There are 4 protein chains.
Amino acid sequence: MADSAVQRLDEVLLVAESLFAQRGYEATSVRDIAEALGLQAGSLYAHIESKDDLLHQILSRAAERFFLATKPIVESDLVPVEKLRRLMLAHVQVITSDLNAAAVYSTEWRHLSEPRRGEFAARRDEYEGMVRCMVRDCIREGTFGDVDEKFATLLILSSMNWIYQWYKDDGPMTPEDIARKLTDMLFKGLRRPVG
Amino acid sequence: MADSAVQRLDEVLLVAESLFAQRGYEATSVRDIAEALGLQAGSLYAHIESKDDLLHQILSRAAERFFLATKPIVESDLVPVEKLRRLMLAHVQVITSDLNAAAVYSTEWRHLSEPRRGEFAARRDEYEGMVRCMVRDCIREGTFGDVDEKFATLLILSSMNWIYQWYKDDGPMTPEDIARKLTDMLFKGLRRPVG
Amino acid sequence: MADSAVQRLDEVLLVAESLFAQRGYEATSVRDIAEALGLQAGSLYAHIESKDDLLHQILSRAAERFFLATKPIVESDLVPVEKLRRLMLAHVQVITSDLNAAAVYSTEWRHLSEPRRGEFAARRDEYEGMVRCMVRDCIREGTFGDVDEKFATLLILSSMNWIYQWYKDDGPMTPEDIARKLTDMLFKGLRRPVG
Amino acid sequence: MADSAVQRLDEVLLVAESLFAQRGYEATSVRDIAEALGLQAGSLYAHIESKDDLLHQILSRAAERFFLATKPIVESDLVPVEKLRRLMLAHVQVITSDLNAAAVYSTEWRHLSEPRRGEFAARRDEYEGMVRCMVRDCIREGTFGDVDEKFATLLILSSMNWIYQWYKDDGPMTPEDIARKLTDMLFKGLRRPVG
DNA sequence: CATGAATGAGACTTCATTCAT
DNA sequence: GATGAATGAAGTCTCATTCAT
């Protein structure tokens, strides 16, 4: 693909992402997206294969960002609790760096057609499993008390995944602030009662 | 409205709620709902005014359940932290008593047409404000540490609002278990450091 | 299906048949058909499942007419040459009784989607095989000379299947005239040289 | 036009002819043709004026082959029945030498746009008229019996024009075999009863 | 109440064609 | 010559909704 084609595709994905985030996948028409780009509806098909393909590309890129940002952390030799802390920071950074992507990633994946939907769900489960592993290690290690593993994992993930609903780029908190506050609070709640 | 009419409407709402929860409002056609009821699409209009009206009724009933369950708590004379604890229990109970309603309430309200959407958002903000008040009282009172009020409120709400995504009626945790675990953990995290 | 629904469907099939015969399946739009019926394009879908289904129904009915008209002849005890003669008469009668159906049957079946296309081709081959059997019997019996069986079969079929291209209801020849002329001529050509 | 351009155009026509024969004109997109040539759709327009023009060129060339092959025969001094016999041989040779062209010639001409369609029909009628003349002469001369002139003409033409549907290059019959069998059979059928 | 045919709008997508590069 | 992005029209089909029966 030529450079200009790559750029144009990026533009298309960005615009679609924004509309999907705002209105939802089903409530966004191909015409809406084309219009936002100053194109006719049919012209979009020089860049994408289908509306479903569009969603798929957006979701794939979002998933990749999560995996890319967290991979080095997962593979590091840090102690469990520190690993989890850094993963949460990275996760929050990915979310806040592209709120639209986070919104689409969170809520629109179910509109993927099969078999993509299944594949996406599998990757999502894989990611959740990774976090759960860290939580388990924290429990084993004794950093966390005797909390329910699954429950703790979902609490951590859900608290991060709602950030896109209220975060503002120009708000008073940086992504780092948010991540710190979140980990401080949740870890204190999860930590083994001392003494 | 005759008793049988009320019953039939309830049935319609229940079926629609389930489909909206599963597939989303936009991805559910009036035909789908009718079919699930063993009817023709046109026949639904003997019971509802429009698809939008259907969504509105579902959301109104859901909202009502939240307000009904929390009103006595809000108006009670309990100490702030206890008020919050009981509100969270009630909230979790409402969610787990009708997961489909919770799902629709969480994700489909944006597909309401105006002015209903605005009204819904206002009620939602009102509810959030109520919780925020309780959080503020907990901070003032000294039960909670010097946490960001808005941040804490959203953390509490978001952690509850994701329950519908994983809760199972026949799972090992009762709604009460969940509420207790949640409040235990979050309150420990939010509590003022002792000493 | 109610009587009126049956009638309406018949009307739809008749109109579609006529347009498919005139312009071809691909060159006929659903809108064209609807317009010819005084309907909106979408309204057709109260009667048919898809454009492909429309073609399929037309072809199925046409095929059925051929099989229905020829079955008693095939199962009869007539001598081979008489069997063939009567089959040709029946075939010509079916063609001339609905020229549009004959045209669609002859030329548009390849636009069926799979697996229907394959099924149609199989039925067509079956019919051809039946005619070929009769031809073979005529050769064995000695009525026909030592002609190539396949060649003779295709000559017979093709000469009948072009009738729809020039036959006029108000022309000077009745279907019976045509069938007689055709059999007279072809059988003379195929007959074993006497002496 | 440069030699290379002529070659390229020939290639385009050949590929288009094949696709039109296989799928039909309307079911073949310009993209399909381009793809079969290893080109982009837009690039075809360096070689052709329009899709309609493409069909027109294919049909013109096919028509030309028929006229070229039959002209010397028509202008010859042979006796009528021998003329007709040779014309049929030539006709069969043209058909079998390019089955795709024969298929397109037979079935796709109706998709020409006006006024080309009218012109094509006129040439076709002219050709048919020519054959009809020969048939008439055969009747006058007494070689053929008192058969219907038009009927006989169409029988002859239709029996030849279906050959493309079953002829195989590697089959057991040469074009000459086919032509001989056909004339033998049809002429026997048409011949004046002796005695 | 329920049906089912009808509407008019709009969905996604493909089409033949153009044209700057 | 070829590319590929763009157009404007048109394709099939689904949608929410209405209404006579």
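Keep in mind that this is a model prediction, so the values were computed, not measured. Atom set for the values below is all heavy atoms of this structure, side chains included, hydrogens, waters and symmetry mates excluded. The chains referred to below are lettered A, B, ... by the order of the sequence lines, with proteins before strands, and numbering in each begins at 1.
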Exercise. How long is the line joining CG of C:Leu37 and P of E:dA5, in whole Å?
Worked result: 13 Å
Seminar exercise, completed: Rounded to whole Å, CZ of D:Arg8 lies from P of F:dG1 at a distance of 9 Å
For this session: Go through the side-chain N and O atoms of A:Asn161 and A:Ser106 and say whether any donor and acceptor fall under 3.5 Å apart.
Result: no
Exercise. Please, which pairs that meet side chain to side chain donor-acceptor pair (under 3.5 Å) have at least one residue in residues 27-37 of chain A, sequence neighbours excluded?
Worked result: A:Arg23-A:Asp32, A:Ser29-A:Asp32
Seminar exercise, completed: Among the nucleotides F:dA5, E:dT7, F:dG8, whichever has the atom closest to the side chain of A:Ala46 is F:dA5
Problem set entry | Mate of E:dT3 where both pairing distances stay under 3.5 Å, Watson-Crick or G-U | F:dA20
For this session: Could you state the atom-to-atom distance from CG of D:Leu44 to P of F:dG4 in whole Å?
Result: 14 Å
For this session: Could you tell me whether C:Tyr105 and C:Tyr164 have their ring centroids closer than 6.0 angstrom?
Result: no
For this session: Sort out the partner of F:dA9 for me: Watson-Crick or G-U wobble, both distances under 3.5 Å, none otherwise.
Result: E:dT14
For this session: Could you encode protein contacts along nucleotides 13-21 of chain F as a string, one character per nucleotide from 5' to 3', using B for base contact, S for sugar-phosphate-only contact and - for no contact, with a heavy-atom cut-off of under 4.0 Å?
Result: BBSBBB---
Exercise. Base, sugar-phosphate, or nothing: which does D:Leu39 touch, judged by heavy atoms less than 4.0 Å apart?
Worked result: sugar-phosphate
Exercise. Would you call B:Glu11 and B:Arg8 a salt bridge, taking side-chain N to carboxylate O under 4.0 Å as the test?
Worked result: yes
For this session: Would you please confirm or rule out a distance under 4.0 Å between OP1 or OP2 of E:dA2 and any side-chain N or O of B:His47?
Result: yes
